[in-house]
Amino acid sequence: MTLGLSLKNVSKIWNPDGPDPVPAVVNLSLEVDNGEFVVLLGPSGCGKSSLLYVVAGLESATQGNVTFDGLEITAPSPERSLIFQEASLYPWLTVQDNITFGLKIAGATESKMVKAADRLLRLVGLVGAGDKRPHELSGGMRQRAALARALTMEPKVLLMDEPFAALDIQTRARMQQHLLDIWSTSGASVLLVTHSIDEAIALADRIVVFTSRPGQIKSEIRIDAPRPRDLRSAEMIDLARQCEAHLAEEVEKAFKEQEFI
Amino acid sequence: MSHETLNGATPKPAMVRRGKTVMQRIEPALWIVASLSMFVGLWEIAWWRGWANPLLLPPPHIFLANLPDQFRFFDPNGHRAGALASGGSIWSVLGVIGWSSLRVLGGLVLGFTLSVFVGLGIRYFYVFGKLMLPIVTMLAPISPVAWIPVAVFVFGIGNPPAIFLVFIAIFFIMTLATLSQIDNVPKNYIQLAMIMGCSKRQIYRYVILPTILPDLFVTLRMNLFAAWMVVLIAEAVGVGSGLGQVTMMARNTFNSSLVFFTMTLIGITGFAFDQALRYVQRKVLWWVGPSTVGGL
């Protein structure tokens, strides 16, 4: 039995029996150790997000095996929480009620929920915002609330689908640091999808570069440098160039394909 | 770090509200007054120039001149089709308006509640949905007016047929609106609920229902006027009391002044209903921003 997340020869084909099947991911194998921070880097529309949905259990793989701690993934579970590009907080609930939504569903007591909300609001830096409504928060704060909501359920894997793409650059840098702080204390592994090379380098233990659609693994780059990383250091610039080179070919390929369509 | 961002980002709405000048506050009301004055003014000019026959199109200063005389025609109980010999006060007018309003309200509450439940049921229970959807889609385009005979056959005379007709006027259309709202619930909302461990029932109860309610309420408001029209027709045809009955009686007795007086009452009551619904919407569905509630 392998601990952590394991994908073996996974294919995800949208509309497989229809007249126009769309292969998102083909024959992909990937292992993510518990506690590891893995970034999936690739051009838009390369199937990275599809893979995330399969791991979350929201979509089933067309072929192959997806297991977590040795058990096959068949359905969504709070232990594999997904964070979207948009925070997707429920607008009719206060921030606090959003954060404790999962606990409420699980039948937790009121006092337990209040305690959990206090702890998580402090953890993500939203003390005092518990009674606010989502539309009163800025984009960065909303995304932190979404992170808190995922963390309430003490997930073993955090799946993040371009979580900071909608934020401005300054907020994004702070959110990345924030995520690293939370990740290092929580012990959860993170599988984060992005198309930003800088984001990948700032965050990852390991960068998995995707080919353009259908998504396959083009290369893996391990980064051992301690965090926080200076993206302007020679070493990091060198890494960025490597990623860029891998990515450029794929972007070119994707571009050409789209032109022909 | 959280505190400075918090203080910077949140308390603005309240400040904006406080910062409104008197002019900004009364401006909407002024526009309403201007709009109505223009309408009434043109009408009065038409009368003054002799373009409009005062017997057929009496202007407001004529049909609003002798109110007690008009009041005599309003009998909340609907026992008299014609002028009351005695009585007839502002209270009897309010009584008539009240009866019509109650019928509308009853039909709206019944229609809204049932349509939301049926809509949810159609999507929740597969077989129920497959069996119900064709019926609803086929009955939806039938005008409520065509249902009047059915209402009278089944419910006779009185309040039930009027309420039934209001119900019919909104039920099918609201059921279809519910379905379209359910289908447009953001996928993320449902996926999140699934990750959080919601059962199907819990997803409908805690996610889908609160997501669709605000827009359904807007749809209800848009159909409010249809409900009003139907109740007036129902009253004119079979109920025997209410604003519709007064209009019909005025028509039959060629009392054009009373026709316009009643039409004014209908307009004002409909307007008040719409405002009331807006108010309820703001209070009950607080998570909807004021921008989506609509102007005026």
Side-chain angles (χ1 to χ4, degrees), chain A residues 53 56-59 75-95 97-98 100-107 121-129 131-142 144 146 149-150 152-153 155 159 161 171 174 177-178, chain B residues 1-17 116 120 181-182 184-218 280-293:
Chain A
Y53 279 71
L58 292 165
E59 295 286 343
S77 147
E79 69 173 17
R80 282 168 280 112
S81 211
L82 182 59
I83 291 175
F84 302 92
Q85 182 174 336
E86 301 296 334
S88 304
L89 300 170
Y90 295 138
W92 58 91
L93 298 178
T94 61
V95 170
D97 289 344
N98 265 293
T100 54
F101 182 77
L103 290 176
K104 187 184 162 198
I105 294 299
L121 286 169
R122 209 170 315 120
L123 185 65
V124 300
L126 285 177
V127 177
D131 295 332
K132 299 246 179 298
R133 297 156 191 185
H135 71 263
E136 294 177 297
L137 303 185
S138 68
M141 291 161 83
R142 269 196 285 246
R144 275 186 270 163
R149 171 172 61 182
T152 330
M153 305 306 283
L159 306 164
D161 190 3
T171 313
R174 270 168 73 164
Q177 189 49 50
H178 204 70
Chain B
M1 72 173 220
S2 58
H3 289 273
E4 74 244 24
T5 23
L6 258 182
N7 293 340
T10 41
K12 269 177 194 145
M15 278 166 60
V16 171
R17 215 170 298 142
V116 171
L120 288 170
Q181 289 297 334
I182 293 175
N184 285 320
V185 172
K187 248 183 156 180
N188 292 357
Y189 284 12
I190 293 170
Q191 288 168 335
L192 264 163
M194 288 165 76
I195 290 171
M196 291 299 174
C198 282
S199 64
K200 186 180 174 186
R201 196 184 59 82
Q202 286 171 321
I203 289 176
Y204 272 78
R205 161 97 169 67
Y206 294 119
V207 179
I208 292 181
L209 186 61
T211 309
I212 64 175
L213 273 183
D215 279 336
L216 283 181
F217 218 80
V218 175
V280 172
Q281 184 177 1
R282 269 198 296 269
K283 287 292 153 193
V284 180
L285 310 168
W286 51 261
W287 64 90
V288 189
S291 57
T292 42
V293 177

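Per chain, numbering begins at 1; letters A, B, ... match sequence-line order.
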- Contacts of A/E86 meeting salt bridge (Lys or Arg N to Asp or Glu O under 4.0 Å) (sequence neighbours excluded), chain-then-number -> none
- Note on the structure: Turns out that what part of A/R80 lies under 4.5 Å from chain B's heavy atoms comes down to backbone
- Query: Relative to chain B, which segment of A/L58 carries a heavy atom at a distance below 4.5 Å: side chain, backbone, both, or neither?
  - Reply: side chain
- Message: Between A/L103 and chain B, with a heavy-atom cut-off of 4.5 Å, which part of the residue counts as in contact: side chain, backbone, both or neither?
- Response: neither
Under 3.5 Å donor-acceptor pairs involving side-chain atoms of residues 194-202 of chain B, not counting sequence neighbours:
| residue | atom | partner | partner atom | Å |
| --- | --- | --- | --- | --- |
| B/S199 | OG | B/Q202 | N | 3.2 |
| B/S199 | OG | B/Q202 | OE1 | 3.3 |
| B/K200 | NZ | B/Y124 | O | 2.7 |
| B/Q202 | OE1 | B/S199 | N | 2.9 |

- Heavy-atom side-chain contact between B/V116 and B/L209 under 4.5 Å: yes
- Item | Region of A/S77 in contact with chain B, defined by heavy-atom distances below 4.5 Å | backbone
- Mind checking whether A/R122 and A/V127 have side chains closer than 4.5 Å, heavy atoms only? yes
